Structure formats: C-alpha cells, structure tokens
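Notes to accompany the following structure.
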There are 2 protein chains.
Amino acid sequence: MIKPDKPTTHAERERFQKFIKKMGLRLTRERMDLLDGIKKQTGHFSVDELVQRLKERRYRVSRDTVYRNLSLLMEAGVLQTSYKSGRDTLYEVKSGRPHHDHLFCRHCGRVVEFVDKRIEKAQQAIARKKGFKIESHSHQLVGVCQKCQKTNRQFMNR
Amino acid sequence: MIKPDKPTTHAERERFQKFIKKMGLRLTRERMDLLDGIKKQTGHFSVDELVQRLKERRYRVSRDTVYRNLSLLMEAGVLQTSYKSGRDTLYEVKSGRPHHDHLFCRHCGRVVEFVDKRIEKAQQAIARKKGFKIESHSHQLVGVCQKCQKTNRQFMNR
DNA sequence: CTTCATGCAAAAGATTTGCAAGTTC
DNA sequence: GAACTTGCAAATCTTTTGCATGAAG
C-alpha cells in the first residue's frame, strides 16, 4: 500500500525557489529539505508525524521550522490541509491528483475518501458568486460507518 | 441583528431528558441549564464564549461541565459543530434551519455562510453508497475574499 | 553588515484528567 | 449507599513566541 518514493523534480524545486524569492523570503537549506522531504510523503499526517518521518529520512528540520513554514508551503502549493482530527490538523502533499474529501466514522475513526464532481463544481460556482478566490477547501462528513452501525452503539460521556 | 430569546419548549426539555435516561446518564441541574442556556444562543460560538454567555444569563455551569457534556449535547441534537477556526472549534445550536457551510477568508477572517442544495444531495448520495449514516458535516472553502484580493496581498511568514 | 531564519526553551491556549465533595437514583 | 457528576486545579497536547546565534543577501 506504500507508494514508491516520488522525489522532487528539478522543475518543482525551481518553482518553489522562485516562489520564495517572489515572497522576499530567504532560500535556506531547511526550506529545501522541507520541500524534498514532504514530496516523499503519502497520505495524511500531522505536523508531529511529519517531523518524525522527516527525521527518519535524515532531513534535519526542527518542529518549529515546520510550523513556521506551514503557510509558506501551503501558499506555494506544496502542502494542503487535509482535515482536522481531534486535536491536530492533518496535512497532505498537494499533488495533481483530484481533491478528495472525507467520510469520518466517529465511532472507529475510519476515514474514507471520496471525490464528487458535482460538489467540486458547485463549490466553484458559489465562490464565484461570493467573489472569493478559493485556495483550498475541507469537507468532511461525520457519521457512523456500516460496520459500527451493526455493532452495539454505546454513548460515551468521557 | 440579535434575535429574540427562543426559550426551550416543554417538548424539547422532555426529549432531552428522555435521551439522557436512555443513555443511562443522570439528570442534573447543570445539564438542564445547559439545554436551556444553549437554546437561547444564536450564531457561532466557542466553548469559551458559550461559558461567558451562559454566565451572563445566570446559568451556572462550569467550563469543565460544558466540555464534559459536549458530546452528549451533540448526540442529543442540541448542538452541532459549526467549523474550526484557528485554535478552537466553533459550535452552534442545531435548529431546523438548513445546514449552512462556510467560505472563510484567510486574510481578514471573514466568514460567509452558504447553502447549496446540489451539495447536500450529493453528500447524501455518497454516504448511501459508502454505507455511512451521516450525523453532521463540515464544509469550508478557504480563500481570499473580494475586498482582500484588491488590497495589496502580502504573505506573512509569522 | 543588515535582515531574516533557525533551534531552543518557555509561553500560550484549548481540552482533558485526577481527585474530593456533592448529587442522583 | 453505590455510581455518576461536578468544580477545582493540575496535566496534556498542539501551536506560537522570545531570544540568542547563525546564515542569506
């Protein structure tokens, strides 16, 4: 289920560097490490998980630097918010693959991805009507999955 | 712009009490105060704001109790998550009024609500297909509003 | 050599938990 | 009376910030 490494291409690097320059920011080893390291990620991850994964792959970037560069990475189109899960926000690599939204089982925590053209289109229409320029979106349906519906459902107050 | 108080009806109280019983939980003054106090709220609010508002209206419920009863209130259909804003989660009274989703300007923080029948329908279809029983959803479009697009847009790293 | 970025440690802010005392059933 | 709730204070966990040092332009 793990996809092979998809290392940063030359073009991607260049685009990121140009973006940094355009923003009047500085080109640092850490920022390039972030780009390279993140590009190799798959699936959803929290900042903490990302730092762990980067550490395993010998990219040396502190958690603080990740936090401080989050919005840069998102503006540059490298990362995007996936969804918010309990305490922390999950991110994912922004790739060419179509947006996917999430069905979340609040019982077992299972996450199912979905894509729906009608929804994507409707979103565009709404943004246009309201004058917004959309940069990202998050769309989650929260409920109970089939398996958990069958299981005896018990309410937990704490 | 402030709507008149919409006090808890007898039927609502009874339904909530039955729900508590069904869950094998206890009927406490605090829980009833929460129901009554929350029913008078309008708009979006964080737990902190809710506690403030309850305090102003002389409902005596501690913040801890609000937190501990959040999921009860949501399962009982009294409250629902509105959207996550920066650090905290915003809630709103679950009423008969149609779901509304949000356009969020990441520049000025402005929130615009929208409702779209096509989206609502598509969601239902997806849930059905995946076997989920949907209890709530959150749908946010993040971008830049018209006003902020005109303003000189500056990227902030910190 | 000036300004920005990093890492560390400490702070901040939201939510959760341990515990003793008070309530509900 | 046993089990559940509450409020308080302390703990947790994520994210942010202050500061001194180091790197980029």
Side-chain angles (χ1 to χ4, degrees), chain A residues 16-35 37 44-55 59-76 79 81-91 106 154-158, chain B residues 16-35 37 44-55 58-76 79 81-91 106 109 154-158:
Chain A
F16 187 56
Q17 294 180 345
K18 272 186 184 163
F19 185 82
I20 290 177
K21 288 301 183 183
K22 196 178 67 182
M23 288 306 188
L25 303 174
R26 289 184 180 172
L27 206 58
T28 62
R29 176 185 61 69
E30 288 84 353
R31 282 177 174 153
M32 291 315 287
D33 269 22
L34 267 174
L35 176 68
H44 316 300
F45 43 83
S46 65
V47 167
D48 208 59
E49 282 162 354
L50 177 59
V51 172
Q52 286 311 315
R53 296 187 192 181
L54 293 179
K55 196 175 289 176
Y59 291 107
R60 264 167 309 121
V61 187
S62 74
R63 183 196 322 287
D64 310 67
T65 297
V66 174
Y67 274 114
R68 283 203 250 241
N69 285 288
L70 269 183
S71 49
L72 167 66
L73 290 161
M74 296 208 276
E75 293 235 356
L79 264 189
T81 299
S82 175
Y83 58 92
K84 307 230 180 180
S85 159
R87 274 183 153 108
D88 48 21
T89 303
L90 299 190
Y91 300 88
R106 74 163 170 76
Q154 192 179 5
F155 173 72
M156 302 282 298
N157 184 33
R158 52 168 77 203
Chain B
F16 188 55
Q17 293 178 347
K18 271 186 184 162
F19 186 81
I20 290 177
K21 287 301 182 185
K22 197 178 69 182
M23 289 305 187
L25 303 174
R26 290 184 178 171
L27 207 58
T28 61
R29 176 185 61 68
E30 287 84 353
R31 281 177 175 151
M32 291 315 288
D33 269 21
L34 267 174
L35 175 68
H44 317 299
F45 43 84
S46 64
V47 167
D48 209 57
E49 284 163 352
L50 177 59
V51 173
Q52 287 310 314
R53 296 188 192 180
L54 293 179
K55 196 174 290 175
R58 324 275 149 176
Y59 292 106
R60 262 167 309 120
V61 188
S62 74
R63 184 198 323 287
D64 310 66
T65 297
V66 174
Y67 272 114
R68 283 203 252 241
N69 285 290
L70 269 183
S71 49
L72 167 67
L73 291 161
M74 293 209 277
E75 294 235 356
L79 264 189
T81 299
S82 175
Y83 58 92
K84 309 229 181 182
S85 159
R87 275 184 154 107
D88 44 24
T89 304
L90 299 191
Y91 300 88
R106 74 165 171 76
Q154 191 178 7
F155 173 72
M156 302 283 297
N157 182 33
R158 52 168 75 203

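The figures here come from the full heavy-atom set of this structure, side chains too, leaving out hydrogens, waters and symmetry mates. Given the structure is predicted, the values throughout are model-derived calculations rather than measurements.
Taking atom CZ on A/Arg68 and atom C1' on D/dT14, their separation rounds to 15 Å, with Å as the unit. Distance, A/Ile20 CD1 to D/dG25 P: 9 Å, rounded to whole Å. Across the protein-nucleic acid pair, A/Glu49 atom CD and D/dC13 atom C1' stand 14 Å apart, rounded to whole Å. Atom C1' of nucleotide D/dT6 and atom CG of B/Leu34 are separated by 12 Å, given to the nearest angstrom. Atom OH of B/Tyr59 is separated from atom C1' of D/dG7 by 21 Å (rounded to the nearest Å). Summarising the geometry, the separation between OH on A/Tyr91 and C1' on D/dT14 is reported as 10 Å, rounded to the nearest angstrom. Counting to the nearest Å, the P atom of D/dT17 and the CG atom of A/Leu70 are 13 Å from each other.
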Criterion side-chain contact (heavy atoms from CB on, under 4.5 Å) on B/Tyr59 and B/Leu35, from CA distance to verdict: CA-CA 10 Å; B/Tyr59 292 106; B/Leu35 175 68; over 6 Å; no
Strictly under 3.5 Å: I want the nitrogen or oxygen pairs between protein and nucleotides 20-24 of chain D, one per line.
unit_1	atom_1	unit_2	atom_2	d
D/dA24	N3	A/Arg26	NH1	3.1

Nucleotide N/O to protein N/O under 3.5 Å, stretch nucleotides 9-12 of chain D:
unit_1	atom_1	unit_2	atom_2	d
D/dA9	N6	B/Asp64	OD2	2.8

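Between D/dT14, C/dA14, C/dT6, one nucleotide has an atom nearer to the side chain of B/Asp88 than all others, and that is C/dA14. Ranking C/dT6, C/dT15, D/dT15 by closeness to the B/Thr89 side chain, first place goes to C/dT15. Counting only heavy atoms from C-beta on, A/Leu25 has its side chain closest to C/dA5 among D/dG7, C/dA5, D/dT15.
Note on A/Ser62: every side-chain N or O is 4.0 Å or more away from OP1 and OP2 of C/dT6. OP1 or OP2 of C/dA5 sits under 4.0 Å from a side-chain N or O of A/Arg31. Taking side-chain N and O atoms only, A/Tyr67 has a distance below 4.0 Å to OP1 or OP2 of D/dT15. In terms of phosphate contacts, B/Asn69 brings no side-chain nitrogen or oxygen within less than 4.0 Å of OP1 or OP2 of D/dT5.
Shown here are the side chain to side chain donor-acceptor pair (under 3.5 Å) partners of A/Ser62, two or more places apart in sequence or in another chain: A/Thr65. For B/Tyr83, the ring pair (Phe, Tyr, Trp, His ring centres under 6.0 Å) partners are B/His44, B/His102, not counting sequence neighbours. For A/Ser46, the side chain to side chain contact (heavy atoms under 4.5 Å, CB included) partners are A/Asp48, A/Glu49, A/Asp88, A/Leu90, not counting sequence neighbours. The side chain to side chain donor-acceptor pair (under 3.5 Å) test applied to A/Arg53 returns A/Gln41, not counting sequence neighbours.
Nucleic acid contact class of A/Ser46 (heavy atoms, under 4.0 Å, all strands): none.
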Which pairs would a plain distance check flag for residues 22-30 of chain A, meaning a side-chain donor or acceptor within less than 3.5 Å of a matching protein atom at least two apart in sequence or in another chain?
unit_1	atom_1	unit_2	atom_2	d
A/Thr28	OG1	A/Arg31	N	3.1
A/Arg29	NH1	A/Asp33	OD2	3.3
A/Arg29	NH1	A/Arg60	O	3.3

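Remark: the A/Arg60 side chain and the C/dG7 base include no donor-acceptor N/O pair separated by less than 3.5 Å.
In this structure, A/Val47 and A/Arg63 approach most closely via the heavy-atom pair CG1-CG, 4.2 Å.
The CZ atom of B/Phe19 sits 5.0 Å away from atom CD of B/Glu75, with the distance rounded to the nearest 0.5 Å. Atoms OH and CG, on B/Tyr91 and B/Leu70 in that order, are 4.5 Å from each other to the nearest 0.5 Å. In this structure, the separation between CZ on B/Phe45 and CG on B/Leu79 is 5.0 Å, given to the nearest 0.5 Å. Rounding to the nearest 0.5 angstrom, the gap separating the NZ atom in A/Lys18 from the CD1 atom in A/Ile20 is 13.5 Å. Atom CG of residue A/Leu34 and atom CG of residue A/Leu50 lie 7.0 Å apart, to the nearest 0.5 angstrom.
From one end of the helix from C/dC1-D/dG25 to C/dC25-D/dG1 to the other, with five pairs defining each end axis, the axis direction shifts by 30° (rounded to 10°).
If you find the closest nucleotide of DNA chain D to A/Arg63 and to B/Gly24, the one lying nearer the 5' end belongs to B/Gly24.
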